[in-house]
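First up is the structure itself, then whatever we jot down about it.
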Amino acid sequence: MKTTHNLMHLVSAKNITKLLLASSLMAPMASMAQSADAVVAGIVKEATENSQLPKLAHELLDGVGPRLVGTPQYDQAGKWALDKYKSWGITARQEKWGEWRGWQRGISHIDMVSPRVKSLEGQQLAWSPGMKKPVTAEVIILPELADSAAFQKWLPMVKGKFVMISMNQPTGRPDENWKEFALTESFEKMKAERTAQTAAWRKRISNTGYNARTLPVALENAGAAGILTSNWSAGFGVDKIFSAYTKIVPTVDIALEDYGLLYRLSEGGSKPVITIQTESKELGTVPTFNVIGEIKGKKKPNEYVMLSAHFDSWDGGTGATDNGTGTLTMMEAMRILKKIYPNPKRTILVGHWASEEQGLNGSRAFVEDHPEIVANLQALFNQDNGTGRVVNISGQGFTKAGPFIERWLAKVPDTIKNQIKTSFPGRPGGGGSDFASFVAVKAPGFSLGSNSWSYGNYTWHTNRDTYDKIVFDDLRSNAILTAILIYMASEDPEKLPRDTVELTGDAKWPAPVKPNRKGGLD
């Protein structure tokens, strides 16, 4: 009996020792889980109850406005961002990476004065030359000519006139409107006519011997008073506003409705006359910069997690959804992280990039200038396709990314996480936005792809990309998602490997592209 009792005692003691050992190992894990849950709860609470998004949007979009690279407004926005980060206790800096053509937009007034009086909707394109005084002149249409010789023979006719070089659209209604209300035969007939008309107009341009970039310059050199375009964005009231190629006379985009009016009047022999006054200033060569914010890591300060969004915009509207919303998401996430997670394991950086719109130049410069950060990057999350909630994340061709991102997403609230479709390992993105600058050097950059909200037609690069198009509930969800992903990536005990997929056929991993560090200075 005594032997049996002693044996039972030894077994019990051994089991107790195992239990104690297991308990000692589980305790830190349970504590870590509780800690993570507490941080995530804090992020959600701060984002929900103390959102700064509407205030930030008003200050940046209404107050500063669009942020075309090389303009005083881009510079003003940079200073605003630094002040905001300082007020939140976040270290931030401007990093100059190049120089750009300095230009400042002024007013645009376009009025038809004959055969009747009407103010027209339109504006000068970015970097259009300023006018010393208003010019009143007849409007003519680029005619259909047989070839470049016929064009050269006609060219003297443009002297002193405004020349229309865009096709007159057959309808100002978006296809969705036709699809909802038109007879099927009517819709198909309209599309066929538009397709034929578009092909004919392209041939009209090519027959001149020039293209869309060089034709305005040829007309300018021949003495045209100005160039009229209409870059319709296939929605009610929207035009895409890009850049001018003229150096002396203005290039003006006129809204579809008014462009069509002028076109029909000219085509019908009424010889419409308009007055244009556009003002702008050439500011010489100006520095351009990225804004970089930082929360220093405590345990692994030389490893990095990054938030990413381009800071610049085109200036037809105020750049609200391209990429004001991405900018605001990242700023709000940084504010929340500083408050709820002030002592991160890895260093947290945010990159607000310049000149994304001209070719990812700011982020490409950062990748080129900071190999030490790129080499030690755990993950970068970029957002740049509108105001919508994030609905897809791809592994960008990194074969080991899936388990990491799924692990990080596991802490995201179901109402946000369940909206997201993941694709692993995915394929590497070669462009489109700034994450691609990092992917090109095989650093793990990921795009937070958003729900459309008619982004392509209605806000992407258009005159209607303004504050009122923001959906703040979606933006708030994106800030929560981003902050949690960054927190989880920072705390992860492992570093995300950089193994990549084997691409087949002609597919190749995107090559790094050198940034243009002297834009618009030719």
Side-chain angles (χ1 to χ4, degrees), residues 57 61-62 65-66 68 108 110 118-126 164-184 186-199 201-202 212 228-244 251-264 310 313-326 356-357 383-389 391 432-433 449-475:
L61 306 174
D62 294 339
L68 183 70
S108 295
I110 309 119
K118 183 183 187 299
S119 290
L120 307 179
E121 182 184 359
Q123 60 183 296
Q124 63 186 318
L125 299 186
M164 306 179 83
I165 64 168
S166 296
M167 184 185 86
N168 180 36
Q169 294 289 338
T171 179
R173 293 182 180 275
D175 283 3
E176 292 82 2
N177 197 241
W178 278 82
K179 188 174 182 179
E180 182 177 0
F181 295 110
L183 295 173
T184 302
S186 296
F187 187 24
E188 294 304 318
K189 178 184 174 185
M190 183 281 292
K191 288 193 293 183
E193 290 175 348
R194 184 175 61 194
T195 298
Q197 190 175 334
T198 301
W201 192 267
R202 286 176 181 159
L228 306 184
T229 67
S230 184
N231 191 1
W232 188 49
S233 190
F236 285 118
V238 282
D239 276 24
K240 295 196 185 299
I241 308 299
F242 291 116
S243 56
T251 302
V252 173
D253 181 274
I254 297 179
L256 174 146
E257 295 82 1
D258 287 336
Y259 190 88
L261 170 64
L262 292 175
Y263 194 102
R264 292 187 298 272
H310 73 85
S313 74
W314 287 105
D315 69 341
T318 57
T321 69
D322 185 20
N323 189 27
T325 46
E356 186 271 353
E357 298 294 4
Q383 201 277 328
D384 176 27
N385 64 324
T387 189
R389 60 193 176 276
V391 292
S433 193
S450 290
N451 198 24
S452 170
W453 283 97
S454 299
Y455 175 70
N457 288 0
Y458 279 98
T459 60
W460 180 66
H461 300 165
T462 76
N463 54 331
R464 299 289 188 254
D465 190 13
T466 46
Y467 178 102
D468 50 283
K469 308 308 185 305
I470 296 175
V471 180
F472 282 103
D473 284 346
D474 283 7
L475 216 60

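When all heavy atoms are compared, the tightest approach of Gln169 to Arg194 is OE1-CD, 4.1 Å. Here the closest heavy-atom approach between residue Val471 and residue Thr387 is recorded as N-OG1, 2.8 Å. Of all heavy-atom pairs between Asp315 and Gln123, the closest is O-OE1, 3.9 Å. What you find for Ala255 and Ser230 is that their closest heavy atoms are C-OG, 4.0 Å. In plain terms, the two heavy atoms of Leu256 and Gly172 that are nearest each other are CD2-CA, 3.6 Å. The minimum heavy-atom distance linking Ser186 with Ala182 is given by the pair CB-CB, 4.4 Å.
Residue Thr466 forms a side chain to side chain donor-acceptor pair (under 3.5 Å) with just one option from Thr462, Asn463, Asp468, and that option is Asp468. Each of Ile110, Leu262, Leu261 was scored for a side chain to side chain contact (heavy atoms under 4.5 Å, CB included) with Lys118, with one residue passing: Leu261.
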Please evaluate residues Phe187 and Lys179 with respect to the criterion side-chain contact (heavy atoms from CB on, under 4.5 Å), reporting the C-alpha separation (whole Å), side-chain torsions for both, the decisive distance (0.1 Å), and the verdict. CA-CA 7 Å; Phe187 187 24; Lys179 188 174 182 179; 3.9 Å; yes
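Remark: Asp322 CG to Glu356 CD distance equals 6.5 Å, nearest 0.5 Å. Remark: Tyr467 OH to Asp62 CG distance equals 7.0 Å, nearest 0.5 Å. Between atom NZ of residue Lys469 and atom CZ of residue Arg464 there is a gap of 7.0 Å, rounded to the nearest 0.5 Å. In this structure, CD on Gln124 lies 12.5 Å from OG on Ser243, to the nearest 0.5 angstrom. Between atom CD of residue Gln197 and atom CE of residue Met167 there is a gap of 4.5 Å, rounded to the nearest 0.5 Å. Here the OG1 atom belonging to Thr321 is positioned 8.0 Å from the CD1 atom belonging to Ile470, to the nearest 0.5 angstrom.
A 4.5 Å side-chain heavy-atom check between Met190 and Asp175 finds at least one atom pair inside the cut-off. Looking at heavy atoms from C-beta onward, Tyr263 lies in side-chain contact with Met164 at the 4.5 angstrom threshold. Between Asn323 and Gln383 the shortest side-chain heavy-atom distance falls below 4.5 Å.
A donor-acceptor pair is defined here as one N or O able to donate and one able to accept, closer than 3.5 Å; such a pair exists between the side chain of Tyr259 and the backbone of Ser166. Judged by distance alone, the side chain of Asp465 and the main-chain N or O of Gly316 form no donor-acceptor pair under 3.5 Å. For Thr251 (side chain) and Leu125 (main-chain N/O), no donor-acceptor pair under 3.5 Å exists by modelled atom type.
Between Glu188 and Lys191 a salt bridge is recorded (basic side-chain N to carboxylate O distance below 4.0 Å).
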All N/O donor-acceptor pairs, side-chain side in residues 231-241, below 3.5 Å, sequence neighbours left out:
from, atom 1, to, atom 2, distance (Å)
Trp232, NE1, Gly235, O, 2.9
Ser233, OG, Lys240, NZ, 2.9
Ser233, OG, Asn457, O, 2.5
Lys240, NZ, Gly456, O, 2.9
Lys240, NZ, Trp460, O, 2.7

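Looking at residues two or more places apart in sequence or on another chain, you find no side-chain hydrogen bond (donor to acceptor under 3.5 Å, both in side chains) involving Thr325. Remark: Phe242 engages Trp314, His461 in a ring-ring contact (aromatic ring centres under 6.0 Å, His included) (not counting sequence neighbours).
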